[in-house]
Amino acid sequence: MEIIKKTANINAADLFAMTKGPEVRKMQDAKGETLELLAYVIYKDDKNDGEPVTVLAVKTIDGAMYATNSKTFIRNFSDILAMYEECGEELPTRYKVGSARSNAGREYLTCTVG
């Protein structure tokens with residue numbers, strides 16, 4: 001596992017729980033909700049077939065943990081982080097988990113500031 005980016009306030013126990021813990025749910029389960037985040041980690045891990053995959057895992061202020069390998073969601077989230085950092089603004093804590101449909105009709109997850 002390779003950590004790409006994470007919140008500064010994350011400790012080893014939370015990092016393990018968010019990346020390897022059995023209580024992590026799919027981000028799809030939070031579709032339509034606004035999550036108030038306590039921590040996040042973006043990391044690369046190997047799938048069962050050995051291929052690397054990028055994953056975003058988050059922990060909310062109420063202790064729920066969600067993860068996704070959705071490229072669109074991770075790109076949206078990373079873009080938000082980069083823009084706030086570029087402007088020297090404090091990172092938002094509320095993120096809305098949305099969805100959209102591709103031209104082919106496939107649903108995918110989106111992320112916006114909540």
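Given the structure is predicted, the values throughout are model-derived calculations rather than measurements.
Tested against Glu36, the residues Lys59, Arg94, Lys96 include a single salt bridge (charged side-chain N to carboxylate O under 4.0 Å, His left out) partner, Arg94.
For the atom pair CD of Glu33 and OG1 of Thr60, the computed distance is 9.5 Å after rounding to the nearest 0.5 Å. Taken from CZ in Arg25 to CE in Met65, the straight-line distance is 9.5 Å, to the nearest 0.5 Å. Between the OG1 atom in Thr110 and the CZ atom in Arg75 there is a gap of 11.5 Å [rounded to 0.5 Å]. Remark: Tyr108 OH to Lys71 NZ distance equals 14.5 Å, nearest 0.5 Å. Residue Asp45 holds its CG atom at 10.5 Å from CD of Glu2, rounded to the nearest 0.5 Å.
No more than 12 heavy atoms of other residues, nucleotides or ligands shown are found within 6.0 angstrom of CD on Glu90. Around the CD atom of Glu86, the shell of radius 6.0 Å holds no more than 12 heavy atoms that belong to other residues, nucleotides or ligands.
Scanning all heavy atoms of the two residues, the minimum distance from Ala67 to Val24 falls at CB-CG1, 3.6 Å. The two residues Thr34 and Gly114 make their nearest non-hydrogen contact at CG2-CA, 4.1 Å. Contact between Pro52 and Asp46 at its shortest, heavy atoms only, is CA-OD1, 3.7 Å.
Side-chain contact between Lys6 and Met18 is absent, with no heavy atoms from C-beta onward closer than 4.5 Å.
Although no hydrogens or angles enter the test, the distance criterion places a donor-acceptor pair under 3.5 Å between the side chain of Asn9 and the main chain of Leu38.
Side-chain heavy-atom separations under 4.5 angstrom define the hydrophobic clusters, and the remaining members of the one that includes Tyr95 are Ile4, Met27, Leu35, Leu37, Tyr40, Ile42, Leu56, Val58, Tyr66, Phe73, Ile74, Phe77, Ile80, Leu81, Tyr84, Leu91, Val97, Leu109, Val113.
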For this session: Begin from the C-alpha positions of Ile61 and Thr93 and carry the test side chain to side chain contact (heavy atoms under 4.5 Å, CB included) through to its verdict.
Result: CA-CA 9 Å; Ile61 59 167; Thr93 57; over 6 Å; no
